[in-house]
There are 2 protein chains.
Amino acid sequence: MPPATPRSLAPRKRPRQARAAVTLDAVFEATIQVLLTVGPHRLTTTRVAERAGVSVGTMYQYFAHKQALIYALNERYLEVLAEKIEIACHAQHGMPAQQMVEALIECYWQAKTERADVTRALYRSVAELDNEALIEAFAARADAATTAMLASAPDLDTQKLESITRTLLTVIFGTVRNAFERNLDEAAARELRGHLAVMCGALLDSRSGPLA
Amino acid sequence: MPPATPRSLAPRKRPRQARAAVTLDAVFEATIQVLLTVGPHRLTTTRVAERAGVSVGTMYQYFAHKQALIYALNERYLEVLAEKIEIACHAQHGMPAQQMVEALIECYWQAKTERADVTRALYRSVAELDNEALIEAFAARADAATTAMLASAPDLDTQKLESITRTLLTVIFGTVRNAFERNLDEAAARELRGHLAVMCGALLDSRSGPLA
DNA sequence: CTAGAATATGAAGGATTGTTCAGTTTGAGG
DNA sequence: CCTCAAACTGAACAATCCTTCATATTCTAG
């Protein structure tokens with residue numbers, strides 16, 4: 001497996017002192033804020049530095065270019081997200097399948113809604129860069145965690161599990177993303193989640209039904 | 001209802017002669033090609049003009065700025081897509097509900113897959129602009145067509161139809177989009193579509209089941 | 001306390017790019 | 001054929017922005 005991050009996008013160096021870590025946090029947060037306030041195509045290294053209370057030169061000590069910054073931001077975000085999913089999946093080991101998918105939906109939805117504006121900003125920022133590696137790595141982790149979870153369900157046959165997992169995740173992730181593009185109010189969002197749970201449950205049942 | 005296109009993004013003038021229409025087509029196609037070859041953030045007015053075999057000045061007679069060009073491109077694309085959906089929905093009037101959703105999925109998938117690279121390029125290009133109005137207008141048309149179709153199904157109770165329609169479209173559109181971000185091979189894609197049909201069917205059945 | 005490493009600075013350079021406009025060419029109608 | 005409007009041209013301008021580097025500051029280890 002090649003390194004997850006391409007050479008050209010990798011950070012120049014890692015912070016060794018405490019203040020450097022603080023600086024980096026400030027830069028990331030500033031990037032989000034700039035993304036939110038002026039949009040992706042007016043995101044400027046100077047603007048980010050200004051907002052972070054840092055000099056441009058400082059940023060360029062950690063990131064070789066603007067893309068690398070945005071890449072790192074998304075990488076960081078997906079890292080947190082993947083971890084959340086893994087934890088949620090692990091917590092459901094041995095539970096009934098329906099509860100599993102509901103927990104999965106809830107976890108993903110929750111993670112995305114916590115800071116909805118940030119989610120939106122990041123969704124837009126990704127278009128600027130070559131995110132294949134990023135997405136693939138994330139998908140692999142989510143796939144693995146979900147498959148492991150489902151395999152432990154007592155009420156599920158373990159055949160075709162990979163295929164079902166892939167569908168589940170594609171549907172859930174895609175639906176949530178699309179829900180963010182339309183601006184659903186609280187009620188509509190709740191309904192959507194309910195429907196989604198029903199639909200996912202049906203997919204899990206689809207084998208056991210006709211076979212009985 | 002306000003005009004679908006905001007003033008600042010509207011085209012400057014419409015072509016009145018035949019050659020102007022040809023020029024516009026060339027410009028749109030060139031925009032797609034540039035989007036494909038160099039990506040959204042290196043899309044340059046000069047580059048587009050060059051590729052289209054046209055002068056930059058010509059482009060600026062029709063579009064007030066770069067954003068307006070990209071906006072118009074997406075508008076044109078969504079117009080075609082909405083029409084396809086409306087036709088597909090109309091063709092299913094009076095049919096069983098399950099067949100309806102399958103036709104809907106097939107239509108959307110087909111439309112997106114026809115020129116997969118273009119689809120991907122457009123998905124990315126939208127991030128550059130304020131697409132709320134665009135998406136809302138498209139969603140409204142798709143919603144209307146789908147609701148009308150489902151209302152004509154003999155095997156469906158017409159309660160909660162709007163809510164169900166919204167879910168169906170959010171799930172289908174979102175899933176397809178996400179499927180494009182992962183690079184699914186033909187087999188996986190076929191499976192996904194099958195699963196999606198099952199899941200959508202389950203949503204339609206979810207009321208009639210427990211009530212029987 | 002000191003030396004060297006890590007971190008931070010920000011003005012300046014260089015390159016790109018969006019947009020205009022004065023002028024030319026092409027087409028349509030009479 | 002003539003005239004006017006539509007369509008097209010592309011060099012030039014102005015603005016923005018990414019990135020560097022020589023220098024200054026701060027921290028840490030010995």
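Throughout, protein chains are lettered first and strands after them, A, B, ... in sequence-line order, and every chain is numbered starting at 1.
A salt bridge between B/R76 and B/D25 is present, with a side-chain N of the basic residue lying under 4.0 Å from a carboxylate O of the acidic one. Checked for salt-bridge contact, B/R124 and B/E181 miss the test: no charged N lies under 4.0 Å from a carboxylate O.
A 4.0 Å heavy-atom criterion places the boundary nucleotides of DNA chain C facing chain B at C/dT17 to C/dG27, written 5' to 3'.
Checking side-chain atoms of B/T119 against main-chain N and O of B/K112 turns up a donor-acceptor pair under 3.5 Å. In this structure, B/H65 contributes its side chain and B/S8 its backbone to a donor-acceptor pair below 3.5 Å.
Side-chain contact annotation: A/T170 with B/T175, donor-acceptor N/O pair under 3.5 Å absent.
Not one side-chain nitrogen or oxygen of A/Y60 sits closer than 4.0 Å to the OP1 or OP2 atom of D/dT20.
A heavy-atom distance below 4.5 Å is found between the side chains of B/V48 and B/M59.
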Steps toward ring pair (Phe, Tyr, Trp, His ring centres under 6.0 Å) verdict (A/F173, A/F138): CA-CA 12 Å; A/F173 295 174; A/F138 172 73; 5.8 Å; yes
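Classified by interplanar angle (parallel below 30°, tilted 30° to 60°, perpendicular above 60°), the ring pair B/F180/B/W109 is tilted.
Annotation: proximity of residues 24-54 of chain A to DNA chain C (heavy atom, distance under 4.0 Å) is found for A/V54, numbered in ascending order.
For the pair A/R12 and A/Y60, the NZ or CZ position fails the cation-pi test of under 6.0 Å to the six-membered ring centre and within 45 degrees of the ring normal.
Each of A/T31, A/T45, A/L129 was scored for a side chain to side chain contact (heavy atoms under 4.5 Å, CB included) with A/K66, with one residue passing: A/T45. Tested against B/T44 for a side chain to side chain contact (heavy atoms under 4.5 Å, CB included), the candidates B/R42, B/H41, B/R47 yield a single pass: B/R47.
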For nucleotides 5-7 of chain D, give me every protein contact, N/O to N/O, under 3.5 Å, one pair per line with atom names.
{"residue": "D/dA7", "atom": "OP1", "partner": "B/R16", "partner atom": "N", "Å": "2.7"}
{"residue": "D/dA7", "atom": "OP1", "partner": "B/Q17", "partner atom": "N", "Å": "3.2"}
{"residue": "D/dA7", "atom": "OP2", "partner": "B/K13", "partner atom": "NZ", "Å": "3.2"}
{"residue": "D/dA7", "atom": "O4'", "partner": "B/R19", "partner atom": "NH2", "Å": "3.3"}

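Partners of A/E29 according to the side-chain contact (heavy atoms from CB on, under 4.5 Å) rule, which considers only residues two or more places apart in sequence or in another chain, are A/I32, A/Q33, A/R115. Qualifying side-chain hydrogen bond (donor to acceptor under 3.5 Å, both in side chains) partners for B/S125, counting only residues two or more places apart in sequence or in other chains: B/N74.
Rounded to whole Å, atom C1' of D/dC18 lies 13 Å from atom CG of A/L69.
Heavy-atom nearest nucleotides on DNA chain D were determined for A/Q67 and for B/S55, and the one closer to the 5' end corresponds to B/S55.
Between the two ends of the helix from C/dC1-D/dG30 to C/dG30-D/dC1, each summarised by a five-pair axis, the helix axis turns through 20° (rounded to 10 degrees).
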